[in-house]
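Structure, as structure tokens:
Lettering follows sequence order; numbering is per chain, from 1.
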Protein chains: 2
Amino acid sequence: MKLGQATIKDIARELNVSSSTVSRALKDYPGISDETKRKVKELAAKLNYRPNAIALSLRKSRSFTIGVIIPEVVHFFFSTVISGIEEVANSRGYNVILTQTNEKYDRERSSIETMLSNQIDGFLVSYSKETQDFDHFSNLLDQGYPIVFFDRVPQIPKAINVMVDDYRGAYDAVSHLIRQGYKRIIHLAGPKNLAISKERIRGYRDALTDHGIEVDESLIVECPLGTDTESRKITTEILKSDSVRPDAFFGNNDMAAVGAMLACKDAGLQIPNDVGIVGFSNWQFCSMIDPGLSSVAQPGFQMGAKATEILLDIIEKKLDPEQITESVTLPTELLIRKSSVRIKN
Amino acid sequence: MKLGQATIKDIARELNVSSSTVSRALKDYPGISDETKRKVKELAAKLNYRPNAIALSLRKSRSFTIGVIIPEVVHFFFSTVISGIEEVANSRGYNVILTQTNEKYDRERSSIETMLSNQIDGFLVSYSKETQDFDHFSNLLDQGYPIVFFDRVPQIPKAINVMVDDYRGAYDAVSHLIRQGYKRIIHLAGPKNLAISKERIRGYRDALTDHGIEVDESLIVECPLGTDTESRKITTEILKSDSVRPDAFFGNNDMAAVGAMLACKDAGLQIPNDVGIVGFSNWQFCSMIDPGLSSVAQPGFQMGAKATEILLDIIEKKLDPEQITESVTLPTELLIRKSSVRIKN
DNA sequence: ATTTTAGTTGCAATCGTTTGCGTTTTCGTT
DNA sequence: AACGAAAACGCAAACGATTGCAACTAAAAT
């Protein structure tokens with residue numbers, strides 16, 4: 001079995017020195033003769049010595065591990081964020097322990113508990129759709145635990161937030177649609193308790209008014225699930241109703257946009273000539289579907305990387321959390337594909 | 001700061017009892033008076049006591065943490081596997097520490113090192129494309145560390161492998177194409193050092209011969225990257241060449257299949273009437289594109305869940321690794337969509 | 001009154017590593 | 001030969017929890 005992992009004591013015994021000496025020799029501390037250092041290192045290599053990180057954590061009350069709490073892993077955007085987190089954490093010598101909440105408030109809380117038990121050095125959090133109050137996070141902050149929120153960020157004191165410019169992204173997308181001549185633009189919106197949904201709605205509104213179009217509240221339709229199936233159904237309903245037909249859809253996410261696209265095709269409408277569509281997130285499939293789906297790209301990898309950098313800087317006291325007063329906002333980029341560009345004739 | 005996390009000692013001091021008593025009281029050990037238990041538990045609750053998992057790990061030489069080594073997180077299939085791993089690990093009280101290798105052999109090795117340092121209880125591994133020799137895994141197995149491989153599995157002694165029935169999946173897909181009347185079927189194959197690629201090629205071959213079609217080696221085209229861009233380019237080349245035009249594509253993965261689809265559309269070919277296409281993995285976008293992409297569904301979630309169950313059973317000695325002699329193979333399912341069903345007229 | 005016995009609790013070692021401080025050894029100097 | 005200083009190393013406590021064993025108390029049995 002996996003017994004026999006050599007420890008400092010083993011080396012010490014074999015060499016007839018104390019553990020202290022071995023420890024210091026391995027770390028090249030002053031006050032140890034070169035001869036001893038050589039012998040210790042040699043034996044360590046021979047025995048394939050590996051420091052016990054657990055013992056170290058206990059001693060130092062630091063685990064060199066950060067905890068990531070995320071709604072779901074199976075989600076293109078979040079997976080890119082994780083990738084960014086992983087890269088930075090790894091390169092700076094930290095481990096990443098991951099839990100997904102599946103959008104459940106209870107799991108969010110219990111994840112925090114187990115992570116605390118595991119003496120996590122800090123948290124990286126994107127909260128669940130179910131979460132309505134943020135006391136569990138506020139408590140952590142009050143106790144001095146470093147937390148950096150990303151994407152889905154709470155409005156609570158002392159929180160450090162990394163997000164993308166949802167407002168600008170939405171604003172750009174809708175402005176683009178207007179410039180293409182679309183006038184009756186539906187917004188397939190996200191759950192209204194998420195700040196990101198609100199920001200995108202705000203961007204939608206402002207783009208319309210800034211271009212002299214009055215906002216028709218009935219054109220803002222909530223798609224709480226954000227799946228293609230849901231929005232396909234909703235869109236089909238809309239197209240069937242006897243009100244004036246919309247001529248464009250701006251989705252809170254790409255899935256919603258695709259659902260709308262499919263519903264429009266079902267209804268025999270031509271995209272982009274009859275209906276223009278823009279999504280949000282720029283999932284991989286945007287470039288794979290026909291017509292290509294215009295979308296607002298969110299820099300997921302950078303977001304994960306940035307959030308992790310800030311977190312680790314705080315943990316390592318290179319950064320004082322008090323000094324960070326405003327959120328970090330990463331730019332979005334509107335990628336224009338065929339779904340929203342009217343073909344001239 | 002985050003000082004002041006209460007320990008057993010704190011409770012002991014406050015109550016004028018020993019740490020042993022507190023420890024036992026909290027765990028409802030016999031030999032502690034009800035009175036003491038009550039007082040201890042009360043104070044523990046009041047102080048918001050949380051056992052220090054690190055200290056426990058050190059004592060027990062067990063961390064209740066499993067390490068997951070995966071090529072990349074940003075990959076639909078792998079993310080579903082992670083999700084399955086997370087679910088099972090979580091429900092059984094284990095943490096998951098995650099690293100991605102980005103398909104690099106070196107990172108695979110260093111990941112193993114840090115995980116060993118962190119005293120993880122077992123490994124869940126899908127190895128990288130770069131990995132050619134498996135000594136680093138064999139060594140671990142020899143030392144008695146529990147490892148369960150999934151999806152990309154090595155052919156080494158004592159390895160426990162969980163995989164999907166790649167052979168059957170490919171066989172079914174190609175048989176389906178043949179039954180639809182497609183005759184000249186190209187296989188956009190994966191890297192040949194991966195067993196999964198080989199199995200899919202074998203399925204492709206057998207399906208052809210079983211249906212009386214001779215295998216034309218030139219129709220097996222390797223797409224090492226497995227991206228849509230790559231296969232689009234390769235497919236375009238094929239269609240341009242002056243050999244007989246193929247009438248179907250079977251992709252080693254969905255990206256490759258989509259690339260072929262786009263190339264065919266570029267070339268003005270009708271899908272499915274001129275060309276049939278089937279992919280592998282059943283990524284989310286398969287149902288979102290037009291025409292819907294037929295694909296072989298791999299049960300990623302189940303794979304992650306199953307692999308984790310086996311690993312934890314071994315860790316908890318409910319299962320003897322010696323007894324597992326053959327790989328666990330999960331069934332695939334061919335999902336037929338429009339891309340491979342010829343429209344009758 | 002003495003011994004049992006059951007019921008409670010404490011001592012101390014342990015897991016592997018680090019580190020302040022004290023001790024020993026070595027060597028140069030006078 | 002004797003002293004001092006520098007160099008090299010060891011002791012022991014600490015991190016937080018667990019646990020075999022011993023110890024203590026009080027009530028019951030003899």
- [ ] Starting at OG of A:Ser138, measure out to CD1 of A:Ile156 and round the result to the nearest 0.5 Å.
- [x]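 Answer for the OG-CD1 pair, A:Ser138 versus A:Ile156, is 4.0 Å.
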Measure the distance from [atom1] on [X] to [atom2] on [N] and round it to the nearest whole Å.
X	N	atom1	atom2	answer
B:Ile32	C:dG10	CD1	C1'	10 Å
A:Glu35	C:dT26	CD	P	14 Å
A:Gln5	C:dC15	CD	P	15 Å
A:Ile54	D:dC15	CD1	C1'	13 Å
A:Arg62	D:dG16	CZ	P	15 Å
A:Asp28	C:dT18	CG	P	13 Å
B:Ile11	C:dT9	CD1	P	15 Å
B:Asp10	D:dC15	CG	C1'	13 Å

Open item on the list: For nucleotides 17-26 of chain D, give me one character per nucleotide, 5' to 3': B if any protein heavy atom sits under 4.0 Å from the base, S if the only such contacts are to the sugar-phosphate, - if neither.
Closed with: BBBB------
TODO: Start with the C-alpha distance between B:Thr65 and B:Tyr94, add both sets of side-chain angles, then the distance that settles side-chain contact (heavy atoms from CB on, under 4.5 Å), and finish with yes or no.
DONE: CA-CA 5 Å; B:Thr65 299; B:Tyr94 284 77; over 6 Å; no
Open item on the list: Quick one about B:Thr99 and B:Ser111 (side-chain donor to acceptor, distance below 3.5 Å, no hydrogens or angles considered), yes or no?
Closed with: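 There is such a pair between these side chains.
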Task: Upstream residue (5' side of DNA chain C) when B:Leu58 and B:Val17 are each assigned their closest nucleotide - done: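 Closest to the 5' end, via its nearest nucleotide, is B:Val17.
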For residues 20-27 of chain A, please give each side-chain donor-acceptor pair under 3.5 Å, one per line with the distance, not counting sequence neighbours.
| residue | atom | partner | partner atom | Å |
| --- | --- | --- | --- | --- |
| A:Ser20 | OG | A:Ser18 | OG | 3.3 |
| A:Thr21 | OG1 | A:Ser18 | OG | 3.1 |

- [ ] Specify whether A:Phe137 and A:Tyr127 have parallel, tilted or perpendicular ring planes, treating 30° as the upper limit for parallel and 60° as the lower limit for perpendicular.
- [x] tilted
Open item on the list: Does the plane of the ring in B:Phe77 sit parallel, tilted or perpendicular to the ring in B:His75? Use 30° and 60° as the thresholds.
Closed with: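 B:Phe77 and B:His75: perpendicular rings.
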Open item on the list: Under 4.0 Å, heavy atoms only, any strand: does B:Asp34 hit a base, just the sugar-phosphate, or nothing?
Closed with: nothing
- [ ] Check every strand shown and say whether A:Ser57 touches a base, only sugar-phosphate, or nothing at a heavy-atom separation below 4.0 Å.
- [x] nothing
Task: Lys NZ or Arg CZ of B:Arg62 over B:Phe64 ring: under 6.0 Å, within 45° - done: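 Yes, B:Arg62 sits over the ring of B:Phe64.
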